[in-house]
Structure formats: C-alpha cells, structure tokens
Q: 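So that we are looking at the same thing, I have put the structure below in structure tokens.
Heavy-atom basis, side chains included; hydrogens, waters and symmetry copies ignored.
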Amino acid sequence: MPLVGKLYARIDEKLESWIGRQRVFFVGTAPSSADGHVNVSPKGPIESLRVLDERTVAYLDFAGSGVETIAHLRENGRIVVMFCAFEGPPRIVRLHGRGSVVQLGEPSFSDLARDFDPASLPAGEERARAVVRVEVSRIADSCGYGVPLMHYEGERRQATAWTENRLRTDGSGAVRAYVAERNGASIDALPGIDPALVLEGEI
C-alpha cells in the first residue's frame with residue numbers, strides 16, 4: 001500500500017463517523033514568538049467534541065494545570081486537531097484551522113456548553129472552563145503506519161475524583177477558583193482564562 005495521504009474538501013458523514021469512533025484527540029498550537037513554547041495536548045473523551053458542520057468542529061475544554069491552547073488561540077488562532085486510529089485500519093486525520101475561545105463567564109458560554117451536554121461527561125458540568133471552536137481550512141489524512149495498535153479499556157477516573165474531592169473539601173466554587181488562580185496565563189505569560197469572568201460563571 002503506498003504512503004499517500006488525501007485531502008478532503010469537507011467533513012462528510014463518513015469522516016464524521018470515523019472521528020466519533022476515536023477515543024482521544026490531540027490539539028497542537030504555538031505562540032507567535034520564535035522562542036515561545038509549542039504545545040500539544042491530548043483531549044477527550046471524544047464525546048467532548050462535536051462536528052458542527054462540514055468545515056467546523058468544537059470541543060469542550062476542561063480545567064487542568066495548564067492553559068497553553070487557550071492562550072495561543074487568543075494570541076494568533078492557529079491550531080491543528082489530530083485523530084489517530086489505535087484500533088482497526090491505520091489512519092491519521094488532521095484538521096488545520098483557526099480557533100476561537102468562549103470561556104466560562106462569557107455571555108454565550110452557557111448555551112454553547114449545553115450543546116455538549118457536559119453533565120453526561122466525567123465531572124464535565126463542574127470541570128468545563130471553555131468551548132474551543134475551530135474553523136477548518138485544511139482536512140487531510142495520512143497512513144498512520146507508525147501508530148501502534150492499542151485496545152481501549154475505558155476513561156481514567158482521576159479527573160472525576162479530583163473534582164469531587166475539591167468540591168467536597170472546598171465547596172461548590174472550588175473548581176472555578178482553581179481555574180481562576182492557575183489558568184490565567186500560559187508558561188510564556190500569554191493571557192489565558194480571564195479570572196474575573198470565570199469566578200462568576202455558571203453552566
């Protein structure tokens with residue numbers, strides 16, 4: 001089989017179905033400065049991502065120790081979303097585009113977040129801090145021969161346990177307080193989450 005990739009004009013139903021069967025996806029971003037830190041983040045579960053139309057995807061972004069993706073998007077908007085087939089035929093799909101961020105506390109966040117049904121995701125209702133929307137400009141696949149075969153066993157419980165523990169010990173606003181304190185800037189000191197907004201936000 002030749003090592004040939006393919007370009008797609010749109011995300012059709014077949015490609016959308018394939019994306020929905022992958023259990024994790026990755027996003028890559030970078031700051032504009034030459035000495036800034038490039039970032040690649042695993043994201044999931046796959047139910048946190050939606051194909052909105054044939055050239056647009058969005059995902060629910062959860063509280064974490066870093067805020068690189070959001071900070072980079074606020075600065076320059078460049079992003080690539082990558083999916084790998086760890087089961088079945090080998091394949092990698094990359095969606096290059098321009099990303100935008102709607103964070104917790106902004107007027108439209110609640111409506112956007114509900115479209116993802118955060119309550120059905122692991123501690124998603126408490127952990128959601130932003131919705132990332134990507135206007136896709138390039139859709140391409142490649143062979144994926146270098147991706148190992150791995151069997152999906154399930155989602156890790158640590159994020160849910162961490163969230164439940166913070167809520168139990170520090171009260172209902174504990175996760176939002178963590179985001180406001182820890183996610184205000186990237187490792188390159190670029191603006192990330194606006195803490196003043198997030199402290200007031202509700203889903």
Q: Nearest 0.5 Å, please: how far is CG in Asn76 from OG in Ser32?
A: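 That separation rounds to 4.0 Å.
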
Q: Any side-chain heavy-atom pair from Cys143 and Pro90 closer than 4.5 angstrom?
A: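 When only atoms from C-beta onward are counted, Pro90 and Cys143 do not touch, as no gap falls below 4.5 Å.
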
Q: The criterion is side chain to side chain donor-acceptor pair (under 3.5 Å); which residues satisfy it with Arg168, sequence neighbours excluded?
A: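 Once residues adjacent in sequence are excluded, the partners of Arg168 under the side chain to side chain donor-acceptor pair (under 3.5 Å) criterion are Asn165.
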
Q: If you measure from CG on Leu197 to CZ on Arg176, what distance do you get to the nearest 0.5 Å?
A: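 Spacing of CG (Leu197) from CZ (Arg176) equals 13.0 Å.
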
Q: Can you list everything that forms a ring pair (Phe, Tyr, Trp, His ring centres under 6.0 Å) with Phe62? Sequence neighbours excluded, please.
A: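 Residues passing ring pair (Phe, Tyr, Trp, His ring centres under 6.0 Å) with Phe62: none at all.
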
Q: Once side-chain hydrogen bond (donor to acceptor under 3.5 Å, both in side chains) is applied, what residue pairs with a partner in residues 184-197 remain, sequence neighbours excluded?
A: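 Residue pairs passing side-chain hydrogen bond (donor to acceptor under 3.5 Å, both in side chains), neighbours aside: His37-Asp188.
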
Q: Nearest 0.5 Å please: distance from the OG1 atom of Thr163 over to the CD atom of Gln158.
A: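 So the OG1 of Thr163 and the CD of Gln158 are separated by 11.5 Å.
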
Q: Same cluster or not: Ile11 versus Ile79, using hydrophobic residues (I, L, V, M, F, W, Y) connected whenever any side-chain heavy atoms lie under 4.5 Å apart?
A: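 Ile11 clusters together with Ile79.
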
Q: If you take all heavy atoms of Thr160 and Pro122, which pair is closest and at what distance?
A: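 Looks like OG1-CB, 3.3 Å.
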
Q: Are Leu112 and Val198 grouped together when hydrophobic residues (ILVMFWY) are joined by side-chain heavy atoms under 4.5 angstrom apart?
A: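 Same cluster.
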
Q: The test is side chain to side chain contact (heavy atoms under 4.5 Å, CB included); show your working for Lys43 and Val24 and say whether it passes.
A: CA-CA 6 Å; Lys43 301 291 184 180; Val24 65; 5.9 Å; no

Q: Please check: side-chain N/O of Arg127 versus main-chain N/O of Pro118, any donor-acceptor pairing under 3.5 Å?
A: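 Judged by distance alone, no pair lies under 3.5 Å.
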
Q: Who passes ring pair (Phe, Tyr, Trp, His ring centres under 6.0 Å) against Phe116, sequence neighbours left out?
A: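 Once residues adjacent in sequence are excluded, Phe116 has no partner under the ring pair (Phe, Tyr, Trp, His ring centres under 6.0 Å) criterion.
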
Q: Could you pull out the closest heavy-atom pair between Ile46 and Gly20, with the gap in Å?
A: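 Smallest interatomic distance, heavy atoms only, reads CG2-O, 3.7 Å.
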
Q: Could you check whether any side-chain N or O of Arg114 sits under 3.5 Å from a backbone N or O of Phe109, counting only pairs where one atom can act as donor and the other as acceptor?
A: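 Checked: no pair found.
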
Q: Tell me the closest heavy-atom pair linking Ala128 and Leu104, and the distance in Å.
A: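 Closest approach of Ala128 to Leu104, heavy atoms only: O-CD2, 4.1 Å.
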
Q: Quick one, Asp12 and Glu54 - any side-chain contact, counting heavy atoms below 4.5 Å?
A: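 No, too far: nothing below the 4.5 Å cut-off.
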
Q: Output the distance between atom CG (Leu60) and atom CZ (Arg50), rounded to the nearest 0.5 Å.
A: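 Between Leu60 CG and Arg50 CZ, I get 9.0 Å after rounding to 0.5 Å.
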
Q: Do Thr56 and Glu135 meet the criterion of a side-chain donor-acceptor pair at a distance under 3.5 Å?
A: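 Per modelled atom types, Thr56 and Glu135 side chains form a pair under 3.5 Å.
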
Q: Are Met150 and Tyr145 linked, directly or through other ILVMFWY residues, by side chains that come within less than 4.5 angstrom of each other?
A: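 Met150 does not cluster with Tyr145.
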
Q: Measuring from atom NZ of Lys6 to atom CD1 of Ile139, what distance do you get when rounded to the nearest 0.5 angstrom?
A: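 Spacing of NZ (Lys6) from CD1 (Ile139) equals 11.5 Å.
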
Q: Among pairs that include at least one residue of residues 64-73, which meet side-chain hydrogen bond (donor to acceptor under 3.5 Å, both in side chains), considering only residues two or more places apart or in two chains?
A: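 Applying side-chain hydrogen bond (donor to acceptor under 3.5 Å, both in side chains) to every pair that reaches into residues 64-73, excluding sequence neighbours, yields Thr29-His72.
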
Q: Determine whether a donor-acceptor pair (N or O, by modelled atom type, separation under 3.5 Å) exists between the side chain of Glu75 and the backbone of Ala71.
A: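 Checked: no pair found.
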
Q: Taking the side chain as every heavy atom from C-beta outward, state whether Val101 and Val131 have any atom pair closer than 4.5 Å.
A: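 SC-SC contact between Val101 and Val131 ruled out.
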
Q: Do Val102 and Tyr59 belong together in a cluster built from hydrophobic side chains that touch within less than 4.5 Å?
A: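 In one cluster: yes.
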
Q: Any luck finding a side-chain donor-acceptor pair between Ser17 and Arg21 under 3.5 Å?
A: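 Side chains of Ser17 and Arg21: pair found under 3.5 Å.
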
Q: Within the structure provided, determine whether Val80 and Leu95 are in side-chain contact (heavy-atom separation under 4.5 Å).
A: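 No - every pair of side-chain heavy atoms lies 4.5 Å or more apart.
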
Q: When Met82 is tested against each of Val27, Val93, Val40, Ile92 for side-chain contact (heavy atoms from CB on, under 4.5 Å), which residue passes?
A: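 Going through Val27, Val93, Val40, Ile92 one by one, the side-chain contact (heavy atoms from CB on, under 4.5 Å) with Met82 is satisfied by Ile92 alone.
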
Q: Should the pair Phe83 and Phe25 be assigned to parallel (<30°), tilted (30 to 60°) or perpendicular (>60°) ring geometry?
A: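 Phe83 vs Phe25 ring planes: tilted.
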
Q: Filter on side-chain hydrogen bond (donor to acceptor under 3.5 Å, both in side chains), then keep only pairs touching residues 97-106, sequence neighbours left out; what's left?
A: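 side-chain hydrogen bond (donor to acceptor under 3.5 Å, both in side chains) check on residues 97-106 returns Arg74-Gln103.
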
Q: Any side-chain to backbone donor/acceptor pair from Asn183 onto Ala63? Under 3.5 Å, distance only.
A: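 Judged by distance alone, no pair lies under 3.5 Å.
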
Q: Any side-chain heavy atom of Leu52 within less than 4.5 Å of one from Arg133?
A: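 With C-beta onward as the side chain, the pair touches.
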
Q: Going by the rule side chain to side chain donor-acceptor pair (under 3.5 Å), which residues pair with Asp115 if we only count those two or more places apart in sequence or in a different chain?
A: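 Checked Asp115 against side chain to side chain donor-acceptor pair (under 3.5 Å); zero matches.
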
Q: Holding to side chain to side chain donor-acceptor pair (under 3.5 Å), I want the full list of residues that pass it with Asn39, two or more places apart in sequence or in another chain.
A: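 Only Ser41 meet the side chain to side chain donor-acceptor pair (under 3.5 Å) criterion with Asn39.
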
Q: Hydrophobic clusters here meaning ILVMFWY residues chained together by side-chain heavy-atom distances under 4.5 Å, can you tell me if Val57 and Phe26 are in one?
A: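 In one cluster: no.
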
Q: Taking ring-ring contact (aromatic ring centres under 6.0 Å, His included) as the cut-off, I'd like each qualifying pair that reaches into residues 164-197, sequence neighbours left out, listed once.
A: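 Sorted result for residues 164-197: Trp162-Tyr178.
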
Q: Could you list the residues that satisfy salt bridge (Lys or Arg N to Asp or Glu O under 4.0 Å) with Arg138, not counting sequence neighbours?
A: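 None.
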
Q: Under the 3.5 angstrom rule, does the side chain of Arg129 hit a backbone N or O of Asp61 as a donor-acceptor pair?
A: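 A pair under 3.5 Å: no.
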
Q: Checking Glu47 now: which residues fulfil side chain to side chain donor-acceptor pair (under 3.5 Å) with it, not counting sequence neighbours?
A: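 Once residues adjacent in sequence are excluded, the partners of Glu47 under the side chain to side chain donor-acceptor pair (under 3.5 Å) criterion are Arg23.
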
Q: Output the distance between atom CD1 (Ile70) and atom CD1 (Ile193), rounded to the nearest 0.5 Å.
A: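 The distance works out to 4.0 Å.
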
Q: Can you list every salt bridge (Lys or Arg N to Asp or Glu O under 4.0 Å) pair that touches residues 88-97, not counting sequence neighbours?
A: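 As it turns out, the salt bridge (Lys or Arg N to Asp or Glu O under 4.0 Å) pairs with a partner in residues 88-97, which skip direct neighbours, are Arg91-Asp141.
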
